[in-house]
Amino acid sequence: MFVLELTYTAPLDAVDAVLPAHVAWLDEQYERGVFLASGRKNPRDGGVIIAVAEDRAWIQETVAGDPFVVAGVCAYRVTEFAATKTAPALEEYRETLD
């Protein structure tokens with residue numbers, strides 16, 4: 001499981017100009033089963049996405065295709081973690097440690 005933290009690197013008007021394409025990209029990732037939750041940070045200086053994927057390289061390739069990244073209006077920080085405890089709705093993503 002991954003926590004993807006977006007930080008805006010451009011003024012909000014530049015971010016907002018790309019927002020419709022970013023939202024369409026988010027929708028695609030939800031349809032693929034990659035993203036579980038997402039939203040803006042408060043204050044609005046970026047966002048957070050909870051994602052599932054087999055490995056870090058794949059998730060980094062995926063976020064590189066975000067229209068925000070392509071337009072140069074945000075940077076991602078990718079944090080991988082083992083979800084050893086989850087809410088019942090996320091049980092299928094629960095991991096055991098070796």
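- Looking at Arg56, its side chain does come within 3.5 Å of a backbone N or O of Val78 through a donor-acceptor pair.
- Residues Thr9 and Gly72 come closest through the heavy atom pair OG1-O, 3.2 Å.
- Connection of Val73 to Val23 is established within a shared hydrophobic cluster, with ILVMFWY side chains joined at heavy-atom distances below 4.5 Å, either directly or through further cluster members.
- Residues Leu26 and Leu12 fall within the same hydrophobic cluster, defined by Ile, Leu, Val, Met, Phe, Trp and Tyr side chains chained together at heavy-atom separations under 4.5 Å.
- Residues Thr84 and Arg94 form no side-chain contact, since every pair of their non-hydrogen atoms from C-beta on lies 4.5 Å or further apart.
- Nearest heavy-atom pair across Ala82 and Leu97 is CB-CD2, 3.9 Å.
- The number of heavy atoms from other shown groups lying within 6.0 Å of CD (Glu61) does not exceed 12.
- Each of Ile49, Thr79, Asp66, Val48 was scored for a side chain to side chain contact (heavy atoms under 4.5 Å, CB included) with Leu4, with one residue passing: Ile49.
- Under the 4.5 Å side-chain heavy-atom criterion for ILVMFWY residues, no single connected hydrophobic cluster contains both Ile50 and Phe68.
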Q. Run the side chain to side chain contact (heavy atoms under 4.5 Å, CB included) check on Leu6 and His22 step by step: do they pass?
A. CA-CA 12 Å; Leu6 295 77; His22 171 74; 4.0 Å; yes

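- For the 3.5 Å distance criterion, the side chains of Ser38 and Tyr30 qualify, holding a donor opposite an acceptor.
- By the 4.5 Å heavy-atom criterion applied to side chains, Val34 and Trp58 are counted as neighbours.
- Taking the six-membered ring where the residue is Trp, Trp25 and Phe35 present perpendicular rings, their angle passing 60° and hence far from 30°.
- Side-chain contact check for Ile59 versus Val52: every heavy-atom pair is 4.5 Å or farther apart.
- Between the CD atom in Glu80 and the CG atom in Asp55 there is a gap of 8.0 Å [rounded to 0.5 Å].
- What you find for Ala21 and Pro67 is that their closest heavy atoms are O-CG, 3.5 Å.
- Within a 6.0 Å radius of CZ in Arg77, no more than 12 heavy atoms belonging to other residues, nucleotides or ligands are found.
- No donor-acceptor pair under 3.5 Å is formed between the side chain of Thr7 and the backbone N or O of Tyr76.
- Note on Asp16 versus Arg44: salt bridge recorded, some NZ/NE/NH1/NH2 to OD/OE distance being below 4.0 Å.
- Pairing each heavy atom of Met1 with each of Glu95, the nearest pair is N-OE2, 3.6 Å.
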